[in-house]
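Encoded as structure tokens, the structure appears first; notes follow it.
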2 protein chains.
Amino acid sequence: MTRVLVIDDEEPILRALRINLVAHKYEVSTAADGASGLAAIARDRPDVVILDLGLPDMDGTEVISGVRGWSALPIIVLSAWGQESQKVAALDAGADDYVTKPFGMGELLARLRVAVRRAAPAPDEPVVTGKDFTVDLAAKRVIRDGADVRLTPTEWQLLEVLVRHREKLVTQRQLLAEVWGPEYQSEGNYLRVYMAHLRRKLEPDPSKPRYLLTEPGIGYRFTANESVASPPGGLSS
Amino acid sequence: MTRVLVIDDEEPILRALRINLVAHKYEVSTAADGASGLAAIARDRPDVVILDLGLPDMDGTEVISGVRGWSALPIIVLSAWGQESQKVAALDAGADDYVTKPFGMGELLARLRVAVRRAAPAPDEPVVTGKDFTVDLAAKRVIRDGADVRLTPTEWQLLEVLVRHREKLVTQRQLLAEVWGPEYQSEGNYLRVYMAHLRRKLEPDPSKPRYLLTEPGIGYRFTANESVASPPGGLSS
DNA sequence: CCTGGGTGTTAAGGGCGCGTCAAGATCAGC
DNA sequence: GCTGATCTTGACGCGCCCTTAACACCCAGG
């Protein structure tokens, strides 16, 4: 079920949106100001955000750029005023769409469908397999030696981010922001602890990782093919 | 330059759009009806389409679904009427955005930027390859003789700056500022040490650099093609 | 031939990031 | 309220990376 976060301080609008969204099979959560909205995004990770610009505590574009610093999730902006410069500012700050009040619920729902449709471009290979285990992203399962490997929620989130970017290097900041939230970007300890967990559960020899590789000082990389030969020239000094 | 196709049958709107878009550095082509519009999309492959729904020969949603059958290029719909059901139909048919006339040119340009921004997830050329090695900026990976070359964080940052400005000369001050920070602009030693590291790891003959060239007294240059031939004839002065 | 500025090369030491472990805190289920 | 699992937090040792310095080299000019 698609999860929508509505950030708005006007009670009637909030209620109308909630009723309509729930009726169309969305899972709805709400926040009444920008600060709690940002916190809710970091905590709940909704699939799409509907953001009213007329918030009591901060400017709407601040909320947008606060999110865009670490996530690309779709943001649809609502606004009461027709100020064109405000529309331009919000769109350029990173909003995906802009709807002016009063708006028709049918239109908002259609724009919501567009945003969600566009954000789900991953019907490709949900199963990644190494020689020692298989990761099924869609089924959220890891199979090793024919048996399920039990992963805790945090372990799974971390593995999922790495597998989605397989073969690519993912920086520590990016991993921390996507798994723990943007305010944890300096807690490098978490990464080391949970990478150790994953390696103990997945690697044939946890002390010599073949799949979950460390790039010292930068981040981590998940790789399925073992094309890690020793360079012929060597690094000998 | 971003290429925009405008499909509209009203001459004044067409002219206004063309003038504004060209003024903002877009490359503009036009079509006056749905059939020629579809033909133009197939032939020219524009980066984004602006489509007026009020076409003489066919319904706008037919044009949209005709495109969506084989391409995901961004489509922004223009319409004179406020009919909500029409908006919903166009958006559900696959349009990315819907702007109602009369519209402000600033808003349309902002929505155009959003569409282009979203359709171009690869703004930089991530892979640069020489004859002896390959640099993959997106994956943060260097491959030489089929094997990964291990680079330390500083080595990678330095290489990244040089590759981003490939073929261009980068001054020492600029390199120092981008890798070590603006307060290190006089530490010329660092540069020489790390250039030596990179050359030892990447160059076939580190003492005779072919890719990481020194411009004495100014800075360094990364070059992939060795088209720096000396004139064969003897026209020396 | 000598001199000096800019460059290339190498080596050594100190600091820091990484892996590891374990105990306390927090949460979920019964 | 208890119990087990999970998350958080701190400490510690090792290896590697950055820094730094010393020296050889090339070239231009005196």
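So you know, we letter chains A, B, ... as the sequences are listed, proteins then strands, and number each from 1.
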Which whole-number value in Å describes the distance from [X] [atom1] to [N] [atom2]?
{"X": "A:Y190", "N": "C:dG17", "atom1": "OH", "atom2": "C1'", "value": "18 Å"}
{"X": "B:L212", "N": "C:dG8", "atom1": "CG", "atom2": "C1'", "value": "14 Å"}
{"X": "B:R200", "N": "D:dC17", "atom1": "CZ", "atom2": "C1'", "value": "13 Å"}
{"X": "A:E203", "N": "C:dG19", "atom1": "CD", "atom2": "P", "value": "11 Å"}
{"X": "B:E187", "N": "D:dA21", "atom1": "CD", "atom2": "C1'", "value": "12 Å"}
{"X": "A:H197", "N": "C:dT20", "atom1": "NE2", "atom2": "C1'", "value": "10 Å"}
{"X": "A:M195", "N": "D:dT8", "atom1": "CE", "atom2": "C1'", "value": "18 Å"}
{"X": "B:R199", "N": "C:dT10", "atom1": "CZ", "atom2": "C1'", "value": "15 Å"}

Does [N] have OP1 or OP2 sitting under 4.0 Å from an N or O in the side chain of [X]?
{"X": "B:R150", "N": "D:dC17", "answer": "yes"}
{"X": "A:Q172", "N": "C:dC18", "answer": "yes"}
{"X": "B:Y194", "N": "D:dC18", "answer": "yes"}
{"X": "A:R192", "N": "C:dG17", "answer": "no"}
{"X": "A:W180", "N": "D:dT8", "answer": "yes"}

Proximal nucleotide (of [options]) relative to the [X] side chain:
{"X": "B:V193", "options": "C:dT9, C:dG19, D:dT8", "result": "C:dT9"}
{"X": "A:T214", "options": "D:dA5, C:dC18, C:dT7", "result": "C:dC18"}
{"X": "A:T152", "options": "D:dC7, D:dC18, C:dT10", "result": "D:dC7"}
{"X": "A:T154", "options": "C:dC21, D:dT8, D:dC7", "result": "D:dC7"}
{"X": "B:N189", "options": "D:dC7, D:dT9, D:dA21", "result": "D:dA21"}

| Reckon B:E155 touches a base, only the sugar-phosphate, or nothing at all at heavy-atom distances under 4.0 Å? | nothing
| query | Reckon B:Y220 touches a base, only the sugar-phosphate, or nothing at all at heavy-atom distances under 4.0 Å? | reply |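 The residue B:Y220 makes sugar-phosphate contact but no base contact.
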| message | For B:W156 together with B:Y194, are the ring centres under 6.0 Å from each other? | response | no
Whether [Y] and [X] form a salt bridge (side-chain N of Lys/Arg under 4.0 Å from carboxylate O of Asp/Glu) is what I want to check.
{"X": "A:R141", "Y": "A:D136", "answer": "no"}
{"X": "A:D132", "Y": "A:R144", "answer": "no"}
{"X": "A:K140", "Y": "A:E160", "answer": "yes"}
{"X": "B:D148", "Y": "B:K201", "answer": "no"}

